[in-house]
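Sequence lines set the chain letters: A, B, ... in the order given, protein chains first and strands last, and positions in each chain run from 1. Values below: all heavy atoms of this structure, side chains included; hydrogens, waters and symmetry mates excluded.
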Amino acid sequence: MDDRTYAAEAAPGEEVTVAGWVHEVRDLGGIAFLILRDTSGRIQVKFEKEAMADDLVETGLGAHRESVVSVTGAVEAEERAPTGVEVVPESVEVLAPADTELPLDPSGKVEAELSTRLDNRTLDLRRAEGQAVFEVRGEVLRAVRAAFRAHDATEINTPKIVATGTEGGTELFPITYFGREAFMNQSPQLFKQLVAGSNVERVFEIGPIFRAEEHNTPRHLNEATSIDFEGAFCDHHDAMDVCEAVVVAAYEAVAENCRDQLEALDLAEEFEPPEPPFPRLTYEAAIERLNATGALDEQLVWGDDFPTEGERALGRDVGGHYFVTDWPAEIKPFYIMDHDDDPDLSTGFDLMHPRMELVSGGQREHRREKLIEGFERQGLEPEAFEYYTEMFRYGMPPHAGWGLGGERLLMTMLELDNIREAVLFPRDRQRLSP
RNA sequence: GCCCGGGUGGUGUAGUGGCCCAUCAUACGACCCUGUCACGGUCGUGACGCGGGUUCAAAUCCCGCCUCGGGCGCCA
């Protein structure tokens, strides 16, 4: 296929071979048009029945929608054609026929439900919108990596099969590991800390996390992509700075490099990168502000977590991304450091989008004794985490970091209704294939 | 884990006890049409998730199962 030309690049005067899917055949009688679609766009192939060999016309017009065809012919400028050019075919080959009845309509004339789309993801991704989401996703990941590198962070990969859970609390998927009990990791948290404690110092990881919660919502997955950062000699303020930079970099890259995709998603008009710095509200201030909105039936008091409706109300009030800082120590995990001058207050922070939580982070407890106390307070057995706590004996620097839900970033960025749209093959409560 | 709402041709839908051997769109098949742009026109094929029950009568009401979606909790 060396001499294949993309639909969007076929120039008048050239002799080309274009290959792609039959998007539509419009047969007007004496003249007919086959719209061929590939990754770059569409191009029209013209069949003038009188002037062309019967078998050529038969092959071309007999191809069903979504069949894969290869067309060789001359490209001609034609202002009546949708893209200003059309191919006059000399030969047409059907490389792969498609069944006549499709499980969903890639031309988008008839909507399909999300579950139908996910069952037929290949066809779904032939829709311009589906293609656009994952092209944007690729750009986000590229931009995020570049932003981390600009902050001197090294990309790492940590195990997804582990002996113990990270934080307790959340449900883990159990597996059998050569006859021993093991789990799919819910977070790279402890591992990235162990690497931040080395000379590598600043690390990031983009990888899967697994959570066995049986929730059924448009914003949860059982396998998600976590974008994690951890930096030695960072405090929670530094971590928030990096977080902000990474999120903004993702938006800016999409604004700059994904115009066509935003167009396909009908977002081109309103798409705007968020303006740093994001407001940083303390938990206490956030509670007061939320209570003042009057959105909740019951006023929140110190120590409460924000209910879903509260997150949304506060999001509407703030109107953009914002951090919530200085959470009560009791509702943050053991590895988050508390303020020295107020042990009830933690350095934990969340980054919120008006629709939902995106990031959770904080400065970590690097003092071994305090860390072990924390384990005990949370009802975890420190012995199970010796591989982790032992390393705190040998010079663990102060460090901080965070984890960002990759799909949530994409979902909020592209205003997707359901997080499953942001994953090629989502894993949820009921979906295990494809 | 608790709670709520759905499942009708390939796809998306209308249909709250008889007006339904089920509506519309799209797809599919046949025919007509030489500039379509979601081409148009005529005709045609094609469906009530599964099982049980109520009733003279069930797509419609009830029960169970399967399945999908959503809300809360929790979280990324």
Please confirm whether the shortest side-chain N or O distance from A:H23 to OP1 or OP2 of B:U36 is below 4.0 Å.
no

Which nucleotide in the set B:G69, B:A76, B:A25 lies at the smallest distance from any side-chain heavy atom of A:Q430?
B:G69

For B:G49 versus B:G7, give the span between their C1' atoms, rounded off to a whole number of Å.
6 Å

OP1 or OP2 of B:G69 sitting under 4.0 Å from any side-chain N/O of A:R117?
no

Contact under 4.0 Å: A:Q44 side-chain N or O vs B:G35 OP1/OP2:
no

Check if the side chain of A:R408 and the base of B:C75 share a donor-acceptor pair of N or O atoms closer than 3.5 Å.
yes

OP1 or OP2 of B:G12 versus the side-chain N and O atoms of A:K109: is any pair under 4.0 Å?
no

With sugar-phosphate meaning primed atoms plus P, OP1 and OP2, does A:K49 contact a base, only sugar-phosphate, or nothing at under 4.0 Å between heavy atoms?
nothing

Whole-Å distance, A:D105 CG to B:A25 C1', equals 11 Å

Is A:N418 close enough to B:G70 that one of its side-chain N or O atoms is under 4.0 Å from OP1 or OP2 there?
yes

I need the CG-P distance between A:L28 and B:G40, as an integer number of Å.
10 Å

So if I take every side-chain heavy atom of A:T217 and compare against B:G71, B:G12, B:C68, which nucleotide ends up nearest?
B:G71

Would you mind checking if A:R80 and A:E78 are paired as a salt bridge, meaning a charged N to carboxylate O distance below 4.0 Å?
yes

Provide the distance between the two C1' atoms, one in B:A14 and one in B:G6, to the nearest whole Å.
15 Å

Measure from CD1 on A:I419 to P on B:C75 and round the result to the nearest Å.
16 Å

From the set B:G69, B:G73, B:U11, return the single nucleotide nearest to any side-chain atom of A:A112.
B:U11

If a pair means Watson-Crick or G-U wobble with both distances below 3.5 Å, what does RNA chain B look like in dot-bracket form, with | marking bases paired to a different strand?
(((((((..(((.....[.....))).(((((.......)))))....(((((..]....))))))))))))....

Among B:C37, B:U11, B:A76, which nucleotide sits nearest the side chain of A:V110?
B:U11

Say you pick atom P in B:A38 and the same atom in B:A27; how far apart are they, in whole Å?
13 Å

Can you find a side chain N or O atom of A:R420 that sits less than 4.0 Å from OP1 or OP2 on B:G70?
yes

Between A:E330 and A:R377 (salt bridge meaning N to carboxylate O under 4.0 Å), is one present in this structure?
no

Side chain of A:I31 only, heavy atoms from C-beta on: which candidate in B:G12, B:C74, B:U34 is closest?
B:U34

Measuring only the C1' atom in each nucleotide, how far is B:G12 from B:G64? A whole number of Å is fine.
30 Å

Considering just the side-chain nitrogens and oxygens of A:T116, establish if one lies under 4.0 Å of OP1 or OP2 belonging to B:U11.
no

Given protein heavy atoms under 4.0 Å, the one-letter contact record of nucleotides 42-51 of chain B, with B base, S sugar-phosphate only and - none, is simply ----------

In this structure, how many angstroms lie between the P atom of B:G73 and the CG atom of A:L300, rounded?
11 Å

Regarding the side chain of A:E78, the nearest nucleotide among B:G35, B:G1, B:C28 is B:G35

Once you apply a heavy-atom cut-off of 4.0 Å, does A:I209 come out as touching a base, just sugar-phosphate, or nothing?
nothing

Please verify the inter-ring angle class for A:F148 with A:F229; under 30° counts as parallel, over 60° as perpendicular, anything in between as tilted.
parallel

Spatial distance of atom NE2 (A:H220) from atom CG (A:N418) [nearest 0.5 Å]
12.0 Å

Rounded to whole angstrom, note down the P distance from B:G44 over to B:G35.
28 Å

B:G71 C1' sits how many Å from A:D428 CG, rounded?
16 Å

Kindly state which residues belonging to residues 302-325 of chain A come within less than 4.0 angstrom of RNA chain B, counting heavy atoms of the residue only, listed by number.
A:D305, A:P307, A:T308, A:E311, A:R312

